[in-house]
Amino acid sequence: MRADVVDERTEVVDALREQVRRFCEREVNARDIDAAARIPKAVLEGLGALGVFGVTLPEAYGGAGLRLEDACRLVDELARHDRSVAVSVGLHLGLGTRGLVRYGTAAQHERWLPKLASGEAIAAFSTTEPGAGSDLSSLRTVAKEDGAHLVVDGEKSYVTNGGFAGLFTVAVSTPGLGGAQRGQSLVLVEPTDPGFSVQREEHKLGLKGSSTTGLVFENARLPRERLLGEPGQGPRMLAHILSWGRTLMSAGCCGGAAYCLDKTVAHAQQRTQFGRPLAALDVVKERLALMHARHFAMEALVLATARQQDDEALAVHSLAAKVFCSEGAGWVADEAVQLHGGLGFIEETGVAMVLRDVRVTRIFEGANDVLLTHLGTAELTRRASEGRRHSVSEVEAALDDFALSLHSTHKLRVFRQPRLLHALGAATAWVMASRAATQRAHLTQHPTQLAFAKLVEQQAHAAVARASTPLTDDTLVHAALGLERTGARP
Amino acid sequence: MNAPANVDARVIHLISQLVPVKPQDIKPEQRLRDDLGMDSVSSMELLSMLAEDFELDVGVEDVADVHTVGQTIELVKVFLAKKAA
Ligand SMILES: Cc1cc2nc3c(=O)[nH]c(=O)nc-3n(C[C@H](O)[C@H](O)[C@H](O)COP(=O)(O)OP(=O)(O)OC[C@H]3O[C@@H](n4cnc5c(N)ncnc54)[C@H](O)[C@@H]3O)c2cc1C
């Protein structure tokens, strides 16, 4: 992922990226990691020695103090070599440490940041529970005050890096704490804390080398100083932490897609059928062009997202990036398998593993369907209060029309129609990606990039048109499921 | 259960349909998000239910500054007064 705005830090990141690339080519074998379902310790130690675990941590604690954008470029590089490694590092830099960096006290920083920056300790993050996945308001893991301690009880699921993490940022329910009746807070947990245990590794479809475990808290006593940030302010902090996490995860999707794209281009040039290379066949040419364009837009949207300074803007951009990049990576990997033919289905080729690896990116850090409803809500609120804008591109105007028609037809009732919000979210993600791709191409004025941007704009138009077509008839949906159509709203 | 008649109680009754909190535990000073666990989607859903229940012509732009139960009740009262005028 090439930086599109070059500044004094770009060179530093370029140099580190190059070191990481060489290290990965030498030491990281994705097929071995997949087969053994673990990342060798030497790989994590080697990356630690290169400073990868400290890139976004403050310089005062041994980190490099680099920005989100810089970290994205590194995670992208890692994902070109191995997605399990990229996810483990990306989680550490985003969800794992962002809360501590932003909301931690000086004492908390001193205690953990140096180890986290060197990679001696790797960070994990946990919100999901057996009964609380998409609906985070229903957390059951509870922390209650007991003098100078918090006593935590409950169970957590699917914690990335859980098997080897040295620090866990955990979301817990804290009724009444900090004055918030149904409040949630964040606590910092060490693996050796009494009453805390890490469960067995899960067996997964992809990202097999990454660690995914449950956590159990049984009367776990944590000193009160383990509270991170303001008590009862969990959701606010989570919103910021998740923005970072989703952006970094999207960068990993770009790396996975880039690997598939490179492999597919090489294969299509070298493989001959019907007396010509595959790459000379009309249908294949179009596929390759669309893969390039989609990947270009994914990168552009990640870079544009990572540069957002305002928390609210970062949150909305990261929703779009997460959905667009996870879907894009899945699509590119699937096309890569297809264009490799039978070879694509064979594990040794490599693209099949990416298809397995990226599948979960549409689920974790917020299932895409849930995030699209949030994105639709955010966009509708914004566009309805701004009204129709002048001198925007055609595709932006089409999205304005769609949003404003939803508002004028349904008024506030639209917020009780998740399928409409979801459709608007889907169109919005494409339009934001198209905007980012166009801006990126205009910076370079490179003819290939201008063509990528145009292709993405055409697809964004189609996405808005698709989203604006009437929803599947509710009566049919209910009939298909054999349900009575009760409580249906107009 | 039938919806109660007075405005405060009716708003609180509607809120209690969206969050797992009993009407008697919902207080005007509570924040929809931090105290009642709503998010951007469910808080807009609530305002939408209110607009329909009270038959008010509220627009998206009118609800930007509504964060607490008390402000929600106030918004309904203002729009009821506008409707009556
Ligand atoms: C490999 C892996 C690593 C993970 N790492 C972490 C981690 O480090 N930390 C952590 O806290 N969690 C982690 N997770 C958990 C992950 O974030 C959750 O699985 C995810 O948020 C979805 O929650 P759920 O599994 O409970 O699915 P559910 O909430 O049960 O949803 C299932 C499906 O239902 C649909 N759905 C649900 N609600 C809605 C809605 N409102 N509108 C439309 N559709 C809806 C969606 O299609 C969704 O995919 C990880 C998961 C995996 C598989």
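Below, chains carry the letters A, B, ... as their sequence lines are ordered, and counting in each starts from 1.
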Would you mind checking which part of [X] comes under 4.5 Å of any heavy atom in chain A, side chain (CB onward), backbone (N, CA, C, O), both or neither?
X: B:Asp25; result: neither
X: B:Asp39; result: side chain
X: B:Arg31; result: side chain

[atom1]/[X]: more than 12 non-hydrogen atoms of other groups inside 6.0 Å:
X: A:Arg140; atom1: CZ; result: no
X: A:Phe364; atom1: CZ; result: yes
X: A:Arg383; atom1: CZ; result: yes
X: A:Gln308; atom1: CD; result: yes
X: B:Glu29; atom1: CD; result: yes

Exercise. Looking at B:Gly37 and A:Ser137, what are the two nearest heavy atoms and their distance?
Worked result: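 So the two residues come closest at O-CB, 3.5 Å.
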For this session: Taking the side chain as every heavy atom from C-beta outward, state whether A:Leu412 and B:Met49 have any pair of such atoms under 4.5 Å apart.
Result: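 The answer is no, as the side chains (C-beta and beyond) never meet within the 4.5 Å cut-off.
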For this session: Taking only Lys NZ, Arg NE, NH1 and NH2, and the carboxylate oxygens of Asp or Glu, determine whether A:Arg182 and B:Asp35 approach each other closer than 4.0 Å.
Result: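 A salt bridge is absent here (no side-chain N lies under 4.0 Å from a carboxylate O).
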Exercise. Are B:Glu52 and A:Lys411 close enough for a salt bridge, meaning some N to O gap below 4.0 Å?
Worked result: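 No, no charged N to carboxylate O under 4.0 Å.
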For this session: Could you tell me the separation between the CZ atom of A:Arg416 and the OG atom of B:Ser42, rounded to the nearest 0.5 Å?
Result: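 Spacing of CZ (A:Arg416) from OG (B:Ser42) equals 13.5 Å.
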Exercise. Counting a contact as any heavy-atom pair under 4.5 Å apart, which residues of residues 366-377 of chain A contact chain B?
Worked result: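 The stretch touches chain B at A:Thr373, A:His374, A:Thr377.
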For this session: Check each atom of A:Gln184 against the heavy atoms of chain B and say whether the ones under 4.5 Å are side chain, backbone, both or neither.
Result: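 Neither part.
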